[in-house]
Amino acid sequence: MPDPHLEALLSCLRFPSVSTDPDHRADVRACASWLVGQLSDGGFQATLHETPGHPVIIAKGPFQPGRPRVVIYGHYDVQPADPIELWTKTPDPFSPVIIDEVIYARGATDNKGQLMAHLRGALALLAAERDLPVNLTFLFEGEEEVGSPSLAPFLHQHRDELACDVIAVSDTGMVAPGLGTLTYGLRGIAAIELTVHGPAQDLHSGVWGGTVRNPASALSHLLASLHQPDGSIAVEGFYEGVTPLASWEREAWAKLPGGDADTLALTGSSELFGEPGYSALERRWARPTAEINGLTSGFQGKGSKTIIPAKASAKLTFRLVPGQDPDHIQQLVINHFQRYLPSGLSLELHAGHTGSPYQLDPHGPFGKAAQLALADTFSQPPALIREGGSIPIVQSFREILGVDTLLLGLALPDCNIHAPDENFPVANFNAGIQLHANLLRRIAQV
Ligand SMILES: [Zn+2]
């Protein structure tokens with residue numbers, strides 16, 4: 001007999017809900033309407049809300065005053081399937097196939113597999129018990145893969161409807177198969193663009209070389225001044241207030257896969273480099289960085305062209321950790337460049353986008369509930385990790401709704417999200433359904 005949970009997931013995967021492509025606009029909407037139907041048929045009050053972009057769904061389960069209020073967020077839009085010719089398991093990424101108990105399709109892991117695990121888990125629980133242990137609200141958006149432009153305004157408009165005690169999201173990774181993973185920290189970000197201006201126009205380097213400063217040389221000096229030779233950051237005040245790693249984190253992370261040896265293999269590098277005194281995982285997850293993302297100046301075509309360029313520019317981002325404020329860091333870096341700019345040049349600075357670092361106490365009441373739910377589901381204590389990247393929606397939830405987010409990811413390291421042959425093991429889908437029930441049960445006990 002076909003498994004109704006799996007059948008539902010496969011139906012969801014058949015919608016080519018590619019949010020970035022205007023040709024798929026109707027498919028994105030069709031997927032949203034289908035989800036509303038699933039939720040309504042299963043006993044939820046589900047509403048499709050229009051936005052300037054793709055629809056947002058709010059669905060509410062049975063309500064009883066006094067119970068914890070939980071919002072579960074997911075996104076039903078997906079990345080484009082291109083390049084389709086590189087998919088080896090199915091000729092059509094929107095015709096899912098199951099091979100050796102692994103589902104192959106665009107969206108299988110990111111995020112339909114994980115979203116549907118929560119949805120099916122809730123419907124199964126509601127069907128069996130005619131109630132849920134918490135006041136549950138689903139929030140599903142269709143614009144995550146294009147940066148969630150409508151979500152923050154939507155959260156403002158629907159703040160009362162979405163008022164809750166905690167949010168749970170399954171859209172992050174597991175460190176290894178069968179090892180439940182709670183992500184309790186994310187780094188923040190601060191972007192800066194700088195341009196060093198010198199002579200009024202490019203100059204002949206033979207005629208004028210040796211008489212005026214070269215902006216490309218000056219930019220090189222400025223960029224080099226960001227770091228000490230050992231890899232630590234030399235900007236004055238940069239590390240002030242940084243929350244140090246807890247000793248339990250260092251002990252726990254030392255035992256995780258993905259350490260120094262794996263980092264060398266995964267990056268294809270011959271040597272690790274970075275702030276001394278920290279492992280690769282510690283540097284990625286809990287230490288701030290300064291990176292040059294791009295730099296340009298002068299002639300870059302074939303052959304040579306003997307000039308002193310009129311200007312030189314670079315794009316930088318700083319990854320930030322708890323205890324650092326992105327606006328303050330931008331100011332410190334601007335001060336640093338202004339102080340070290342050689343005379344005879346001018347500096348143009350643009351403070352770019354920012355995002356605050358995020359951290360939840362994994363040993364607080366909701367963190368503990370999440371740990372217990374993961375242990376119930378995977379029959380071993382979960383890995384407690386942070387991640388090096390940023391997830392802006394998590395920051396929006398904290399800023400607009402004033403609540404923390406539990407990140408309980410089900411994505412495996414080889415799930416190929418955003419790539420050909422995206423996949424999700426049936427076992428992870430079933431574990432996700434169990435995790436949903438365990439999570440609600442454990443949160444109800446908080
Ligand atoms: Zn994605």
Side-chain angles (χ1 to χ4, degrees), residues 9-10 12-25 27-29 31-32 35 51 53-57 72-84 86-87 89-90 93-94 96 102-119 138-152 154-155 167-175 181 183 186-187 189 266 284 319 353 355 358 385-397 405-425 428-429 432:
L9 172 56
L10 297 179
C12 186
L13 291 169
R14 289 191 187 102
F15 292 96
S17 50
V18 181
S19 50
T20 194
D21 185 346
D23 289 347
H24 283 298
R25 197 171 172 83
D27 298 315
V28 178
R29 168 169 294 270
C31 187
L35 284 167
T51 74
H54 299 297
V56 174
I57 297 163
I72 291 185
Y73 162 93
H75 66 91
Y76 63 89
D77 64 321
V78 296
Q79 286 276 316
D82 308 275
I84 288 176
L86 295 186
W87 288 71
K89 309 288 184 182
T90 170
F94 298 104
V102 176
I103 307 157
Y104 291 86
R106 170 57 80 232
T109 283
D110 180 16
N111 176 244
K112 288 175 174 173
Q114 300 182 74
L115 174 156
M116 286 297 289
H118 282 286
L119 185 154
F138 282 119
L139 171 68
F140 295 152
E141 72 156 321
E143 297 185 323
E144 197 274 347
E145 300 293 3
V146 290
S148 304
S150 303
L151 191 66
F154 186 88
L155 294 179
I167 294 181
V169 177
S170 291
D171 198 15
T172 46
M174 289 170 78
V175 292
T181 303
T183 299
L186 301 165
R187 287 196 290 190
I189 191 167
L266 288 167
R284 282 170 57 199
R319 292 288 171 171
H353 69 284
Y358 175 79
I385 71 165
R386 302 200 225 168
E387 289 190 9
S390 315
I391 306 181
I393 50 162
V394 170
Q395 205 51 44
S396 301
F397 291 149
T405 301
L406 302 166
L407 296 162
L408 306 152
L410 296 166
L412 292 179
D414 60 355
C415 62
N416 289 342
I417 60 168
H418 296 202
D421 289 338
E422 179 175 352
N423 63 83
F424 194 47
N428 269 34
F429 180 55

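Whatever order the structure lists ligands and atoms in, that order sets their numbers, starting from 1.
For the atom pair NZ (K112) and CZ (F429), the distance works out to 13.0 Å, reported to the nearest 0.5 Å.
Minimum-distance N/O/S atom of D110 relative to the Zn ion (ligand 1): OD2.
The aromatic ring centres of F397 and Y73 sit less than 6.0 Å apart.
Between the OE2 atom of E145 and the NE2 atom of H418, the angle centred on the Zn ion (ligand 1) amounts to 110° when rounded to 10°.
Between S148 and E141, the side chains place a donor N or O and an acceptor N or O closer than 3.5 Å (distance only, hydrogens not considered).
No donor-acceptor distance shorter than 3.5 angstrom exists from the side chain of R29 to the backbone of P55, with no hydrogens or angles considered.
Within the coordination shell of the Zn ion (ligand 1), defined by N, O or S atoms under 2.8 Å, E144 is absent.
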